Amino acid sequence: MKPTLPPNGTILAGQKALVVGIANEHSIAFGCAQAFHALGAELAVTYLNTKARPHVEPLAQRLQAPLCLPLNVETPGEMEAVFEAVAQRWGRLDIVVHSIAFAPKADLQGGLLDCSAEGFMRAMDVSVHSFVRMARLAAPLMRDGGTLFAMSYHGATQVVPNYNVMGPVKAALEASCRYLAHELGPRGIRVHPISPGPLKTRAASGLKDFDLLLNKAARRAPVGELVDIDDVGYACAFLATPYARRLTGQTLYVDGGVHIMG
């Protein structure tokens, strides 16, 4: 029997969403949070540290988020504290967005051959294993099923000049999403790696010659223009709805078609 679907404006009404990775109003995570909010979901958001807090709290207020919490995934106990706060506030969770990545600047801007072991491990821990840890904490709260999102990039499957260590890291992230989709599928939890096209975010500014990457993407995109954070947000919102109830594990490209071009 097919589920009865509510009107679009309320299709996520009653859903509880945790969005991790908002740094400012240009963040992909903020685009996701805005889309969930527009479709009726209630939000919890996080900020990296005290320096980031003044930039994120006003956005949390715009989103009417009752929870705005600190989360540095490298700080022991902070992730557990976030999920404990979510459990106390709502007792359940339906959506988690993991939109964080990190590599030390020297390791990010140098070639893969020159990447240090320490830098590689930090990049993998923050960008990949933290998503696995989030999934582990989220799953018990997703008693009626749920959706997990992680942000990847085309450099996971194709060589993108200057993407360097993040290419192998994002490849590992996408593989982790597939294995989590397999493990969590029987519990009604779907896992989606999302691969946006290049966007002017704070994180992307650390890449060498990023403006050249943006210009190249705009020229090659079949739709003739770059995507924005709202495009990514509404793609994720769709995947969190019953309309996508049989989709899981595959990487969704939100890049205007750039990835299909030879």
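What you see is a predicted model; the values in this text were computed from it and never measured. Heads up: numbering here begins at 1 and tracks the sequence.
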Engineer: Please identify each residue that fulfils side chain to side chain contact (heavy atoms under 4.5 Å, CB included) with Ala172, with sequence neighbours left out.
Structural biologist: Met124, Val128
Engineer: If I compare all heavy atoms of Ile22 with all of Phe30, which pair ends up nearest, and what's the gap?
Structural biologist: CG1-N, 3.7 Å
Engineer: Under a single-linkage definition using a 4.5 Å side-chain heavy-atom cutoff for Ile, Leu, Val, Met, Phe, Trp and Tyr, are Val254 and Leu247 assigned to the same hydrophobic cluster?
Structural biologist: yes
Engineer: Give, for atom OG of Ser127 and atom CD1 of Ile100, the distance between the pair rounded to the nearest 0.5 Å.
Structural biologist: 7.5 Å
Engineer: Which pair of non-hydrogen atoms, one from Ala103 and one from Ala123, has the smallest distance, and what is that distance?
Structural biologist: CB-CB, 3.9 Å
Engineer: Where does the angle between the aromatic ring planes of His259 and Tyr253 fall among parallel (under 30°), tilted (30 to 60°) and perpendicular (over 60°)?
Structural biologist: parallel
Engineer: Ala135 and Leu180: which non-hydrogen atoms are nearest, and at how many Å?
Structural biologist: CB-CD1, 4.1 Å
Engineer: Centroid-to-centroid, Tyr243 to Phe238, below 6.0 Å?
Structural biologist: no
Engineer: Phe149: which residues meet the ring-ring contact (aromatic ring centres under 6.0 Å, His included) condition with it, sequence neighbours left out?
Structural biologist: His192
Engineer: Give every donor-acceptor pair under 3.5 Å between a side-chain atom in residues 70-79 and any protein atom, sequence neighbours left out.
Structural biologist:
| unit_1 | atom_1 | unit_2 | atom_2 | d |
| --- | --- | --- | --- | --- |
| Asn72 | OD1 | Glu74 | N | 2.9 |
| Glu74 | OE1 | Arg122 | NH2 | 2.9 |
| Glu74 | OE2 | Arg122 | NE | 3.0 |
| Glu74 | OE2 | Arg122 | NH2 | 3.3 |
| Glu78 | OE1 | Asn72 | N | 2.6 |

Engineer: Linking Ile, Leu, Val, Met, Phe, Trp and Tyr through side-chain heavy atoms less than 4.5 Å apart, which residues share a cluster with Ile260?
Structural biologist: Met261
Engineer: Identify, with sequence neighbours excluded, every residue that meets ring-ring contact (aromatic ring centres under 6.0 Å, His included) alongside Phe131.
Structural biologist: His98
Engineer: As an exercise, state the distance from CD1 of Ile194 to OG of Ser152, rounded to the nearest 0.5 Å.
Structural biologist: 9.5 Å
Engineer: Name all residues meeting the salt bridge (Lys or Arg N to Asp or Glu O under 4.0 Å) criterion together with Arg178; count only those two or more places apart in sequence or in a different chain, and write none if there are none.
Structural biologist: none
Engineer: Only pairs at least two apart or in different chains count here, so list each salt bridge (Lys or Arg N to Asp or Glu O under 4.0 Å) that has a residue in residues 145-161.
Structural biologist: none
Engineer: Not counting sequence neighbours, which residues clear salt bridge (Lys or Arg N to Asp or Glu O under 4.0 Å) with Lys170? List them please.
Structural biologist: none
Engineer: Using the side chain to side chain donor-acceptor pair (under 3.5 Å) criterion, which residues pair with Thr147? Sequence neighbours excluded.
Structural biologist: Arg190
Engineer: List in chain and number order the residues that pass side chain to side chain donor-acceptor pair (under 3.5 Å) with Ser195, two or more places apart in sequence or in another chain; answer none if no residue qualifies.
Structural biologist: none
Engineer: Tell me the closest heavy-atom pair linking Val96 and Met134, and the distance in Å.
Structural biologist: CG1-SD, 4.4 Å
Engineer: Testing the basics here: between Pro66 and Trp90, what is the closest heavy-atom pair and its distance to 0.1 Å?
Structural biologist: CG-CZ2, 4.0 Å
Engineer: Looking at Leu43 and Leu63, what are the two nearest heavy atoms and their distance?
Structural biologist: CD1-CB, 3.8 Å
Engineer: Going by the salt bridge (Lys or Arg N to Asp or Glu O under 4.0 Å) test, which pairs reach into residues 131-148, not counting sequence neighbours?
Structural biologist: Asp125-Arg133
Engineer: Show every salt bridge (Lys or Arg N to Asp or Glu O under 4.0 Å) that has at least one partner inside residues 80-92, sequence neighbours left out.
Structural biologist: Arg92-Asp94
Engineer: Going from OG1 on Thr241 to CZ on Phe36, what distance comes out if it is rounded to the nearest 0.5 angstrom?
Structural biologist: 10.5 Å
